[in-house]
Enquirer: 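Handing you this structure, nothing more for now.
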Number of protein chains: 2
Amino acid sequence: MALSKTVAQNAEVGRTGILDAAALLLGRQGYGAVSLRMIAEAAGIKAGSIYYHFASKDDIITEILDAGIQAVHDEVRDRVAALSADAPARDVFRAVLRGHLCALLEHGAYTSANVRIFGQVPPVVRDANLPVRRAYEAFLDNLLSELKVRDAIRSDVNLPRFRLLLIGALNATLEWFDPQKGSAEDLADDYADTFLNGILSQSGDNT
Amino acid sequence: MALSKTVAQNAEVGRTGILDAAALLLGRQGYGAVSLRMIAEAAGIKAGSIYYHFASKDDIITEILDAGIQAVHDEVRDRVAALSADAPARDVFRAVLRGHLCALLEHGAYTSANVRIFGQVPPVVRDANLPVRRAYEAFLDNLLSELKVRDAIRSDVNLPRFRLLLIGALNATLEWFDPQKGSAEDLADDYADTFLNGILSQSGDNT
DNA sequence: CCCGACACCTAACAAGTGTTAGGTAGGTAA
DNA sequence: TTACCTACCTAACACTTGTTAGGTGTCGGG
């Protein structure tokens with residue numbers, strides 16, 4: 001049966017083929033709407049065959065969730081590392097937002113899947129994803145507190161809470177972002193300005 | 001069968017009893033995880049009986065989604081209307097955030113349900129909810145553009161985009177907010193300060 | 001040539017899904 | 001009393017779900 005290679009639209013097969021197909025479907029349709037038979041068809045195989053590579057559906061989900069976080073984490077880490085050690089706070093903050101948004105919006109079926117389905121999966125799966133998630137959060141907290149020590153961020157800003165605000169706003173872009181109406185990097189820069197400077201005009205009637 | 005009134009924990013019965021039970025479950029477990037039999041049991045009736053009040057499961061969902069948006073819209077509108085016409089921009093903005101967050105986090109099984117499941121429901125149901133959703137968005141856009149005309153918001157702020165950023169950040173609080181660690185109003189004020197002033201320190205090394 | 005190992009398939013399983021048809025108890029009105 | 005309406009219940013329908021057991025073809029190594 002080596003002739004039926006180019007089934008459907010997915011050239012990749014095997015373990016990674018299943019994961020790729022599943023991530024794509026989950027990111028688009030959500031956890032509950034995607035069945036193993038859908039994943040199998042998208043990957044070009046039959047439902048039962050999935051169990052040769054994975055022990056259960058939750059097994060697939062777990063792996064996708066972890067890979068999703070890891071992808072953003074890596075992207076952000078690399079972009080920040082590429083800056084010189086004494087880069088201005090503005091540039092560091094921009095790099096974080098650019099990395100997160102690009103990983104989420106441009107590449108990253110896994111990242112999209114994570115943001116979309118994390119709130120829908122059974123508790124067991126969610127818990128399995130927490131360590132990777134916590135690692136990324138800790139990374140961001142460290143980065144932000146460095147900026148605070150440098151006196152670039154106001155001292156009255158509650159950092160863990162701001163991190164939640166930030167990630168929430170960034171992940172929400174997934175619901176409406178349209179790559180044809182502007183790049184993810186431009187959006188990131190715009191968001192960065194808003195977070196850094198606020199929306200209040202300096203000259204206004206502000207008490 | 002008038003004696004089996006106080007079944008389970010739900011005193012309300014009939015149409016609104018079903019809606020209340022469904023909203024509570026949907027807000028906690030998500031769309032895919034909640035079945036009609038679960039809703040029925042929580043409402044103290046049997047699954048088939050639901051079809052006396054509703055034509056389908058999607059019918060229930062649609063009604064809950066609409067009520068969820070309407071609740072936030074009303075709360076925000078009332079709080080803003082309670083201010084004097086020439087109230088400072090800061091206060092108007094605070095009122096918006098307080099209204100939205102209180103409706104979402106304190107009262108409002110319907111609101112929580114909306115935020116949680118909107119991304120998971122079938123397209124037909126989502127489309128049915130769009131008009132109410134658009135009305136709230138238009139209301140916010142009007143409010144923000146008034147503040148801009150008053151020269152309280154910087155002229156280079158892209159308002160529709162900022163509204164998306166704002167709502168995204170507010171709705172995301174649902175995932176982590178814990179009422180025992182602080183009130184929704186305090187959180188709203190904190191968020192308002194961040195959005196209005198930004199996080200950048202004035203004295204810093206900012207180019 | 002034979003032997004496994006690999007990567008898949010077929011067919012079925014029990015359980016759960018939304019949904020429907022038809023029945024029934026209790027109250028109201030004539 | 002009779003008739004009717006409301007608000008439920010029972011029992012089943014066709015279907016989908018995750019999962020499993022056992023079978024099949026292909027391929028490289030001995």
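Computed from a predicted model, the values in this text were never measured in an experiment. In the text below, chain A, chain B and the rest are named by the order of the sequence lines, each starting its count at 1.
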Enquirer: Contacts to DNA chain D from residues 51-65 of chain A, heavy-atom cutoff under 4.0 Å, which residues?
Expert: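 Nucleic-acid contacts, sorted: A/Tyr51, A/Ser56, A/Lys57.
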
Enquirer: Considering only side-chain heavy atoms of A/Ser35, which listed nucleotide, C/dC9, D/dG18, C/dT19, is closest?
Expert: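 The answer is D/dG18.
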
Enquirer: State whether A/Ser49 places a side-chain N or O below 4.0 Å from either non-bridging phosphate oxygen (OP1 or OP2) of C/dC9.
Expert: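 Yes, within the criterion.
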
Enquirer: Which side-chain N or O atoms in residues 67-77 of chain A pair as donor and acceptor under 3.5 Å with protein atoms at least two apart or in another chain?
Expert:
unit_1: A/Gln70; atom_1: NE2; unit_2: A/Asp74; atom_2: OD1; d: 3.2
unit_1: A/Asp74; atom_1: OD1; unit_2: A/Arg77; atom_2: NH2; d: 2.6
unit_1: A/Glu75; atom_1: OE2; unit_2: A/Arg79; atom_2: NE; d: 3.0
unit_1: A/Glu75; atom_1: OE2; unit_2: A/Arg79; atom_2: NH2; d: 3.2

Enquirer: With sequence neighbours excluded, give me every side-chain hydrogen bond (donor to acceptor under 3.5 Å, both in side chains) pair touching residues 156-168 of chain B.
Expert: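 Checked against side-chain hydrogen bond (donor to acceptor under 3.5 Å, both in side chains) - neighbours excluded - the pairs reaching residues 156-168 of chain B are A/Asp190-B/Arg161, B/Asp141-B/Arg163, B/Arg154-B/Asp156.
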
Enquirer: Please list all pairs passing the ring-ring contact (aromatic ring centres under 6.0 Å, His included) test where one or both residues lie in residues 154-175 of chain B, with sequence neighbours left out.
Expert: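 Of all non-adjacent pairs touching residues 154-175 of chain B, those that pass ring-ring contact (aromatic ring centres under 6.0 Å, His included) are B/Phe162-B/Phe195.
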
Enquirer: C/dT19 P sits how many Å from B/Ile45 CD1, rounded?
Expert: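 Atom CD1 in B/Ile45 sits about 14 Å away from atom P in C/dT19.
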
Enquirer: Short of 4.0 Å, heavy atom to strand atom, which residues of residues 25-32 of chain A count as contacting DNA chain C?
Expert: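 None, since no heavy atom is under 4.0 Å.
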
Enquirer: Among residues at least two apart in sequence or on other chains, which ones pass ring pair (Phe, Tyr, Trp, His ring centres under 6.0 Å) with B/Phe54?
Expert: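 B/Phe54: no ring pair (Phe, Tyr, Trp, His ring centres under 6.0 Å) contacts found.
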
Enquirer: Give me each pair satisfying ring-ring contact (aromatic ring centres under 6.0 Å, His included) with a member in residues 87-113 of chain B, each pair once, sequence neighbours excluded.
Expert: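 Residue pairs passing ring-ring contact (aromatic ring centres under 6.0 Å, His included), neighbours aside: B/His100-B/Tyr136.
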
Enquirer: With sequence neighbours excluded, tell me which residues meet side-chain contact (heavy atoms from CB on, under 4.5 Å) with B/Ala138.
Expert: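 None.
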
Enquirer: Got a sec, which residues hit side-chain contact (heavy atoms from CB on, under 4.5 Å) with B/Ser112, two or more places apart in sequence or on another chain?
Expert: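 Expected list: B/Leu174.
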
Enquirer: In this structure, how many angstroms lie between the P atom of D/dC8 and the NZ atom of B/Lys46, rounded?
Expert: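 After rounding, the reported distance stands at 13 Å.
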
Enquirer: How many Å lie between CD on B/Glu41 and P on D/dC8, as a whole number?
Expert: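 To the nearest whole Å, that distance equals 16 Å.
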
Enquirer: Atom CD1 of A/Ile18 to atom P of D/dG18: distance rounded to whole Å?
Expert: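 Atom CD1 in A/Ile18 sits about 14 Å away from atom P in D/dG18.
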
Enquirer: Is there any protein nitrogen or oxygen under 3.5 Å from a nitrogen or oxygen in nucleotides 11-15 of chain C, and what are the pairs?
Expert:
unit_1: C/dA12; atom_1: N6; unit_2: A/Arg37; atom_2: NH2; d: 3.4

Enquirer: Among residues at least two apart in sequence or on other chains, which ones pass ring pair (Phe, Tyr, Trp, His ring centres under 6.0 Å) with B/Tyr31?
Expert: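 B/Tyr31 satisfies ring pair (Phe, Tyr, Trp, His ring centres under 6.0 Å) with no other residue.
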
Enquirer: Strictly by modelled atom types, are B/Ser84 and B/Asp86 linked by a side-chain donor-acceptor pair under 3.5 Å?
Expert: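 Yes, side-chain donor-acceptor contact under 3.5 Å.
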
Enquirer: Going by side-chain contact (heavy atoms from CB on, under 4.5 Å), name the residues that satisfy it together with A/Ala184, two or more places apart in sequence or in a different chain.
Expert: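 For A/Ala184 the side-chain contact (heavy atoms from CB on, under 4.5 Å) partners, ignoring immediate neighbours, are A/Cys102, A/Leu105, A/Glu106, A/Phe177.
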
Enquirer: Measure the spacing between CG of A/Leu159 and CG of A/Leu165 and express it to the nearest 0.5 Å.
Expert: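 The CG atom of A/Leu159 sits 11.5 Å away from the CG atom of A/Leu165.
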
Enquirer: How close or far is atom P of C/dT20 from atom CD1 of B/Ile50, stated in whole angstroms?
Expert: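 Atom-to-atom, B/Ile50 to C/dT20, this comes out as 13 Å.
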
